[in-house]
Protein chains: 2
Amino acid sequence: MNDRKQHVIKMAKQLFIDKGYQATSIQDILEYSGISKGTFYNYFTSKNELLMAIIKSSISEREKSRDDLLVGQAPSDIETFIKQVEFQLKLNRNTGLLALFEEVMVTNDADLKHYMERNQLNNIRWIHSRFLELFGDKAQPYLYDCAIMFLGILRENIKFNQITNQTNVNISRVVRYSVKRIENIVKDVIESEDQLLSPLQLEKLIPNMNKGNESFHKQLHHLIFTIKNELNQGNNITKQMDLLDFIEEEFLDSKKPRQFLIQSALDSLKSDEQLEINGMFLKLERLLKDYFFEVESEAMKTP
Amino acid sequence: MNDRKQHVIKMAKQLFIDKGYQATSIQDILEYSGISKGTFYNYFTSKNELLMAIIKSSISEREKSRDDLLVGQAPSDIETFIKQVEFQLKLNRNTGLLALFEEVMVTNDADLKHYMERNQLNNIRWIHSRFLELFGDKAQPYLYDCAIMFLGILRENIKFNQITNQTNVNISRVVRYSVKRIENIVKDVIESEDQLLSPLQLEKLIPNMNKGNESFHKQLHHLIFTIKNELNQGNNITKQMDLLDFIEEEFLDSKKPRQFLIQSALDSLKSDEQLEINGMFLKLERLLKDYFFEVESEAMKTP
DNA sequence: TATTAACTTGTACACTCAGTACAATTTTTT
DNA sequence: AAAAAATTGTACTGAGTGTACAAGTTAATA
């Protein structure tokens with residue numbers, strides 16, 4: 001990516017953290033990063049897209065460093081887990097990202113919302129996988145519930161600690177306290193065999209990080225097959241058929257599907273309203289978007 | 001309050017719930033409720049003020065009905081507590097208020113933020129007082145922590161239940177599950193004597209609902225005394241002194257301090273920058289604002 | 001080095017929104 | 001009936017996002 005673009009991202013991130021997203025105008029960004037409006041809209045199609053870029057890079061940076069803390073450590077050591085959680089929180093707090101994240105969480109923009117939701121699920125997935133290492137298979141049926149509750153306990157404890165001791169929250173203390181509580185809850189739910197969400201339900205939603213994973217191709221094939229069937233009832237369909245075939249083949253043949261081509265094909269398809277009738281096209285677009293999201297965030301993690 | 005104004009509030013509430021606060025324009029509100037712009041700004045000084053009115057009435061309505069559920073029931077019966085929590089959640093969910101609340105929670109407006117924070121603390125206070133009735137004095141030193149964690153567990157459980165079974169979350173089941181978990185946590189913290197926030201720290205922040213309460217007058221007196229001392233080092237202070245004296249007397253003498261007079265006095269004081277130097281004036285303004293907030297929400301509860 | 005291509009700038013513009021001002025009209029009170 | 005209060009409608013300011021595009025600058029290339 002362009003050096004200059006990177007610079008704009010950095011400056012804008014600072015502004016968003018300092019003043020908030022809404023409260024930062026594009027004019028502010030232009031002045032602070034010393035570019036012109038024309039250039040800005042060369043780099044980003046909107047203020048929202050810039051925000052997405054910032055959030056994506058921040059998240060993947062955080063995840064990368066968090067995972068690095070695990071190497072050479074016993075995954076079943078609770079101290080390592082505490083360190084990881086603490087580290088992530090401190091990174092967020094010091095950079096003031098937490099507030100920005102919270103602001104973004106309630107955005108009206110559908111894309112952004114979807115992305116943040118996925119990210120939330122990703123967090124849960126990570127906590128869950130670590131819990132599995134910490135608490136063992138016996139606890140497995142309950143660990144999604146526990147991951148969710150851990151997140152809740154932690155968040156709320158931090159929030160109220162911030163409200164009371166405005167400055168200098170002892171993050172470490174809060175994390176340790178919260179971990180102790182969740183240890184007890186794990187015991188509790190194992191004993192009482194009390195389950196709220198079944199792992200299957202959640203796993204359906206949680207993004208699967210395996211590149212080239214079978215289920216993606218299956219889903220894609222199924223979706224395109226269905227769309228084709230729908231199309232058969234219309235006329236003037238050769239172009240659409242060709243585009244759909246192309247998309248499927250591009251994902252089958254190539255290790256690195258060319259996103260710009262796929263996007264262009266999608267855009268062409270989008271101009272045909274017939275596809276929208278059953279929401280088929282929306283599903284397709286989302287599936288592909290998710291795919292590229294995975295690939296991108298994987299790529300960021302392995303420099 | 002005016003019938004027509006009430007009608008506008010009702011219509012706007014519907015719009016905010018349906019489309020979100022940001023996404024609803026004043027023009028929308030004017031059209032939907034059939035008034036002119038002039039009238040709108042006769043009723044409310046800003047869109048924000050309208051929002052405050054909506055939120056205030058929604059909250060006090062919710063609190064009122066929630067407290068009504070308790071009469072005639074044993075406060076130590078956990079089933080009553082479950083019913084109360086369930087009831088509040090259903091009220092929020094059915095009316096779609098929850099999303100609106102979340103959007104407002106991260107506003108940039110300082111006033112609104114402060115108000116929402118106070119409301120959060122109020123929630124904690126209520127849960128805490130109910131926990132005290134449920135779990136007894138032995139648990140007392142830990143019940144603020146537990147109230148906070150209960151809120152966290154409940155929120156996160158509901159959120160992820162909504163994400164997974166989009167429609168028809170079984171609120172009752174989630175509440176019961178969460179209550180079971182917190183029961184266990186209470187046992188846990190009593191046993192391990194593990195405290196995160198001391199009740200004293202929190203109680204300093206939590207608004208005290210007793211009208212005519214001693215501590216308010218003490219605080220007011222202390223603050224005004226301090227400001228006067230500060231002022232003594234300046235010149236041209238007679239007017240400010242008089243205003244300060246007036247404020248204190250108005251609260252001492254009258255059962256119903258005249259808010260408009262106090263506000264006007266505050267505004268006059270605000271125009272003198274000297275008071276801002278030590279943040280004294282800000283403190284004073286906040287204290288008085290809180291006072292009127294208490295009075296108002298008490299008044300709403302007792303029809 | 002000269003030409004071309006890509007990038008960048010600055011500015012004018014279209015559009016949306018919150019909030020103000022105020023004269024004209026309607027409704028309510030006295 | 002007159003006065004007061006409430007309401008309307010409209011035009012305006014100012015701030016914001018995003019578009020269009022001609023003119024200028026920088027980098028690549030032949």
Side-chain angles (χ1 to χ4, degrees), chain A residues 1-55 100 103-104 106-113 260 263 267 271, chain B residues 1-55 100 103-104 106-113 115 260 263 267:
Chain A
M1 201 185 299
N2 193 337
D3 260 11
R4 202 137 173 233
K5 187 171 170 182
Q6 211 57 255
H7 176 250
V8 176
I9 291 181
K10 198 173 148 195
M11 295 294 106
K13 181 172 171 182
Q14 202 52 56
L15 284 175
F16 287 168
I17 287 172
D18 292 346
K19 314 180 27 169
Y21 175 67
Q22 300 277 358
T24 302
S25 73
I26 287 183
Q27 197 53 45
D28 290 339
I29 298 168
L30 303 185
E31 280 160 23
Y32 195 61
S33 56
I35 58 162
S36 75
K37 205 168 196 178
T39 306
F40 180 91
Y41 281 101
N42 253 9
Y43 291 158
F44 315 99
T45 62
S46 68
K47 199 180 157 191
N48 244 318
E49 202 191 272
L50 164 62
L51 178 62
M52 287 266 284
I54 289 172
I55 288 181
L100 181 59
E103 189 182 345
V104 173
V106 293
T107 176
N108 285 308
D109 183 90
D111 258 28
L112 205 50
K113 199 163 201 152
F260 64 97
Q263 190 54 55
D267 288 344
S271 61
Chain B
M1 203 183 297
N2 193 338
D3 261 9
R4 202 137 175 241
K5 187 172 169 181
Q6 212 56 253
H7 175 250
V8 176
I9 290 181
K10 199 175 147 194
M11 295 292 106
K13 181 173 169 180
Q14 202 51 56
L15 284 175
F16 287 168
I17 286 171
D18 292 346
K19 316 179 26 170
Y21 176 67
Q22 300 278 357
T24 302
S25 72
I26 286 183
Q27 196 53 45
D28 291 338
I29 298 168
L30 302 185
E31 281 160 22
Y32 195 61
S33 56
I35 59 162
S36 74
K37 206 165 200 179
T39 306
F40 180 92
Y41 282 102
N42 253 8
Y43 291 159
F44 314 99
T45 62
S46 68
K47 198 179 158 190
N48 244 317
E49 201 192 271
L50 165 61
L51 177 62
M52 288 265 285
I54 290 173
I55 287 181
L100 181 59
E103 189 183 345
V104 173
V106 293
T107 175
N108 286 308
D109 184 90
D111 258 26
L112 205 50
K113 199 165 202 150
Y115 176 77
F260 64 97
Q263 190 56 57
D267 288 344

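As a basis for the values below, the full set of heavy atoms in this structure was taken, side chains included, without hydrogen atoms, waters or symmetry mates.
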Identify the 5'-most and 3'-most nucleotides of DNA chain D with at least one atom closer than 4.0 Å to a non-hydrogen atom of chain B. D:dT7 to D:dG9

Any residue of residues 15-27 of chain A with a heavy atom less than 4.0 Å from an atom of DNA chain D: A:Thr24, A:Ser25, A:Ile26

Using the C1' atoms of the five pairs at each end, what is the angle between the end axes of the helix from C:dT1-D:dA30 to C:dT30-D:dA1, to 10°? 0°

Check ring pair (Phe, Tyr, Trp, His ring centres under 6.0 Å) between A:Tyr21 and all other residues, then give those that pass, not counting sequence neighbours. A:Phe16

Sequence neighbours excluded, the answer for ring pair (Phe, Tyr, Trp, His ring centres under 6.0 Å) partners of A:Phe44 is A:Phe40

Atom [atom1] in [X], atom [atom2] in [Y]: separation rounded to 0.5 Å?
{"X": "B:Ser25", "Y": "B:Glu31", "atom1": "OG", "atom2": "CD", "value": "7.5 Å"}
{"X": "A:Thr107", "Y": "B:Glu103", "atom1": "OG1", "atom2": "CD", "value": "9.0 Å"}
{"X": "B:Leu100", "Y": "B:Leu51", "atom1": "CG", "atom2": "CG", "value": "6.0 Å"}

N/O to N/O distances under 3.5 Å, protein versus nucleotides 9-13 of chain C:
residue : atom : partner : partner atom : Å
C:dT9   : OP1  : A:Arg4  : NH2          : 2.6
C:dT9   : OP2  : A:Arg4  : NH2          : 3.3
C:dT9   : OP2  : A:Ser36 : N            : 3.2
C:dT9   : OP2  : A:Ser36 : OG           : 3.4
C:dT9   : OP2  : A:Thr39 : OG1          : 2.5

How close or far is atom [atom2] of [N] from atom [atom1] of [X], stated in whole angstroms?
{"X": "B:Leu30", "N": "C:dT16", "atom1": "CG", "atom2": "C1'", "answer": "14 Å"}
{"X": "B:Glu31", "N": "C:dC17", "atom1": "CD", "atom2": "P", "answer": "10 Å"}
{"X": "B:Asp109", "N": "C:dG19", "atom1": "CG", "atom2": "P", "answer": "10 Å"}

Please report the closest heavy-atom contact between [X] and [Y], naming both atoms and the distance.
{"X": "B:Ser33", "Y": "B:His7", "value": "O-CE1, 3.6 Å"}
{"X": "B:Ile35", "Y": "B:Arg4", "value": "CG2-NH2, 3.7 Å"}
{"X": "B:Leu15", "Y": "B:Thr24", "value": "O-OG1, 3.5 Å"}
{"X": "A:Leu112", "Y": "A:Asp109", "value": "N-OD2, 2.8 Å"}

Under a 4.5 Å cut-off applied to non-hydrogen side-chain atoms, are A:Lys5 and A:Val8 in contact? no

Name all residues meeting the side chain to side chain donor-acceptor pair (under 3.5 Å) criterion together with B:Thr39; count only those two or more places apart in sequence or in a different chain, and write none if there are none. B:Ser36

Quick one: list whatever passes side chain to side chain donor-acceptor pair (under 3.5 Å) with A:Asn108, sequence neighbours left out. none

Which pairs with one or both residues in residues 43-54 of chain B pass salt bridge (charged side-chain N to carboxylate O under 4.0 Å, His left out), sequence neighbours excluded? none

Show me the pairs that pass salt bridge (charged side-chain N to carboxylate O under 4.0 Å, His left out) and involve residues 9-19 of chain A, at least two apart or across chains. A:Lys19-A:Asp28

Got a sec, which residues hit side-chain contact (heavy atoms from CB on, under 4.5 Å) with B:Lys37, two or more places apart in sequence or on another chain? B:Leu30, B:Tyr41

Heavy atoms only, 4.0 Å cut-off, all strands: where does A:Tyr43 land among base, sugar-phosphate and nothing? sugar-phosphate

Could you write out each protein N or O paired with an N or O of nucleotides 28-30 of chain C at a distance under 3.5 Å?
none

